[in-house]
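For reference, the structure discussed in these notes is given below.
For the single chain, residues carry numbers from 1 onward in sequence order.
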Amino acid sequence: MFTGIITDIGEIRAADQRGDLRLVIGCAYDMDGVAIGASIACSGACLTVVEKGADWFAVDLSAETLARTAPGLWEQGGRLNLERALKVGDELGGHIVTGHVDGIGTLVSATPEGDSTRLVVAAPAALAAALAAKGSITIDGISLTVNSVDDQADGSVHFGLNIIPHTAAATTLDTLVPGRAFNLEIDVLARYLDRMQTLRQPAV
């Protein structure tokens with residue numbers, strides 16, 4: 001479990017396609033305190049540490065993980081939002097995040113709004129019912145609050161966010177290009193409510 005509060009930005013030093021994709025990720029964590037087998041959220045995807053060094057760790061990405069996460073994210077030189085797993089007693093500053101990606105979002109626009117940046121992100125129809133104004137969303141591992149929701153004719157949804165300067169500086173949201181793909185994780189409560197609603201619908 002995670003909180004969506006980013007604690008480091010890692011850089012992919014190597015990407016080696018074996019049976020799975022092996023990534024070596026440079027970081028500023030004290031790796032003496034990170035065990036082999038520990039979970040680290042990498043831009044919203046919960047991955048397992050399989051090797052480590054003084055300032056790096058390695059993870060393996062299966063074909064399933066690659067298929068369900070943002071294209072182009074896992075390339076050498078890429079930057080990743082990092083968060084270590086939540087410990088009992090840690091401050092819960094964001095919201096409960098599982099590190100399981102529910103869908104891919106696409107940046108529609110990024111415009112200045114005061115000192116902040118207003119983002120509009122397109123999400124697929126499968127996630128539309130789980131997005132609500134003042135609700136929580138995780139974008140590339142970052143816990144954020146949805147400010148607005150605009151349903152689209154094709155069933156998809158555009159939702160708005162405000163990114164304050166601190167969030168931009170502490171995450172990979174300092175670089176925003178229209179069309180950029182994001183890993184999205186809906187609020188865990190919304191996920192279960194959606195499942196219950198599906199099961200209650202009468203069979204056709």
Side-chain angles (χ1 to χ4, degrees), residues 2-31 34-85 94 97-110 117 119-124 126-127 137-144 156 158-159 161 163 166-186:
F2 306 92
T3 68
I5 303 299
I6 304 306
T7 52
D8 191 19
I9 296 177
E11 180 178 348
I12 301 175
R13 294 181 179 175
D16 182 17
Q17 186 65 63
R18 308 177 181 183
D20 292 326
L21 179 64
R22 171 68 59 90
L23 299 182
V24 174
I25 302 170
C27 66
Y29 289 142
D30 178 3
M31 293 306 296
V34 178
I36 299 295
S39 295
I40 296 179
C42 299
S43 285
C46 177
L47 300 175
T48 300
V49 176
V50 296
E51 289 186 68
K52 66 174 185 173
D55 62 350
W56 62 270
F57 63 95
V59 295
D60 288 330
L61 280 72
S62 68
E64 173 74 4
T65 299
L66 293 175
R68 291 186 174 272
T69 54
L73 182 63
W74 311 114
E75 297 175 355
Q76 185 171 344
R79 298 162 67 234
L80 302 172
N81 296 314
L82 303 181
E83 181 189 357
R84 293 185 59 187
V97 174
T98 65
H100 300 155
V101 177
D102 293 304
I104 306 301
T106 304
L107 181 62
V108 176
S109 63
T117 302
L119 303 188
V120 175
V121 178
L127 302 186
I137 184 73
T138 306
I139 292 185
D140 277 358
I142 308 162
S143 172
L144 296 167
S156 66
H158 289 185
F159 63 94
L161 309 157
I163 307 302
H166 171 79
T167 300
T171 70
T172 60
L173 293 183
D174 60 342
T175 304
L176 295 166
V177 178
R180 172 177 167 178
F182 296 112
N183 290 331
L184 302 181
E185 181 183 334
I186 60 174

Side-chain contact, heavy-atom cut-off 4.5 Å: Ile9 with Leu82?
no

For the residue pair Ile186 and Ile137, what are the closest heavy atoms and their distance?
CA-CD1, 4.1 Å

Using modelled atom types only, decide if a donor and an acceptor are shared between the side chain of Glu185 and the backbone of Asp102 within a distance under 3.5 Å.
no

Val97 side chain reached by Thr3 side chain, heavy atoms, under 4.5 Å:
no

Test item: Phe57 and Glu51 side chains (from C-beta on) under 4.5 Å apart, heavy atoms:
no

Nearest-0.5 Å distance, CD1 of residue Ile5 to CD1 of residue Ile142:
9.5 Å

What's the spacing between Thr117 OG1 and Leu173 CG if we round to 0.5 Å?
9.0 Å

Determine, step by step, whether Ile25 and Trp56 satisfy the side-chain contact (heavy atoms from CB on, under 4.5 Å) criterion, reporting the C-alpha distance in whole Å, the side-chain angles of both residues, the deciding distance to 0.1 Å, and the verdict.
CA-CA 5 Å; Ile25 302 170; Trp56 62 270; over 6 Å; no

Should the pair Arg79-Asp140 be classified as a salt bridge under the 4.0 Å nitrogen-to-oxygen rule?
no

Whether Glu11 side chain and Gly26 backbone form a donor-acceptor pair below 3.5 Å
no

Using side-chain heavy atoms (C-beta onward) and a distance below 4.5 Å, is Ile139 in contact with Phe159?
yes

Is the shortest heavy-atom distance from the side chain of Ile104 to the side chain of Phe182 under 4.5 Å?
no

Min side-chain heavy-atom separation Lys52-Ile36 under 4.5 Å
yes

Check whether Thr65 reaches the backbone of Leu61 with its side chain - one donor and one acceptor, N or O, closer than 3.5 Å.
no

Between Leu107 and Val177, what is the shortest heavy-atom contact and its length?
CD2-O, 3.4 Å

Do Asp30 and Arg84 sit within salt-bridge range, that is, some charged N less than 4.0 Å from a carboxylate O?
no

Heavy-atom pair of closest approach, residues Leu184 and Ala123
CD1-CB, 3.9 Å

Keeping Thr167 on the side-chain end and Ile163 on the backbone end, is there a donor-acceptor pair under 3.5 Å?
no

Is the backbone of Ala28 close enough, under 3.5 Å, to the side chain of Asp55 for a donor and an acceptor to pair up by distance?
no

Does the side chain of Val121 come within less than 4.5 Å of Val108's, by heavy atoms?
no

Quick one: closest heavy-atom pair of Gly99 and Phe2, and the distance?
N-CD1, 4.1 Å

What's the shortest heavy-atom distance between Ala122 and His158, and which atoms?
CB-CD2, 3.6 Å

With a 3.5 Å cut-off and sequence neighbours excluded, list the donor-acceptor pairs that the side chains of residues 39-48 form with protein atoms.
residue : atom : partner : partner atom : Å
Ser43   : OG   : Asn81   : N            : 3.1

With rounding to the nearest 0.5 Å, note down the distance linking CD in Glu83 to OG1 in Thr138.
9.0 Å

Supply the atom-to-atom distance Ile12 CD1 to Leu73 CG, rounded to the nearest 0.5 angstrom.
6.0 Å

Measuring from atom CG of Asp60 to atom CG of Leu23, what distance do you get when rounded to the nearest 0.5 angstrom?
8.0 Å

Heavy-atom count around Arg22 CZ within 6.0 Å, excluding the residue itself: above 12?
yes

With a 4.5 Å limit on heavy-atom distance, are the side chains of Leu176 and Leu119 in contact?
yes

Determine the minimum heavy-atom distance between Arg13 and Gln76, stating which atoms define it.
O-NE2, 3.2 Å

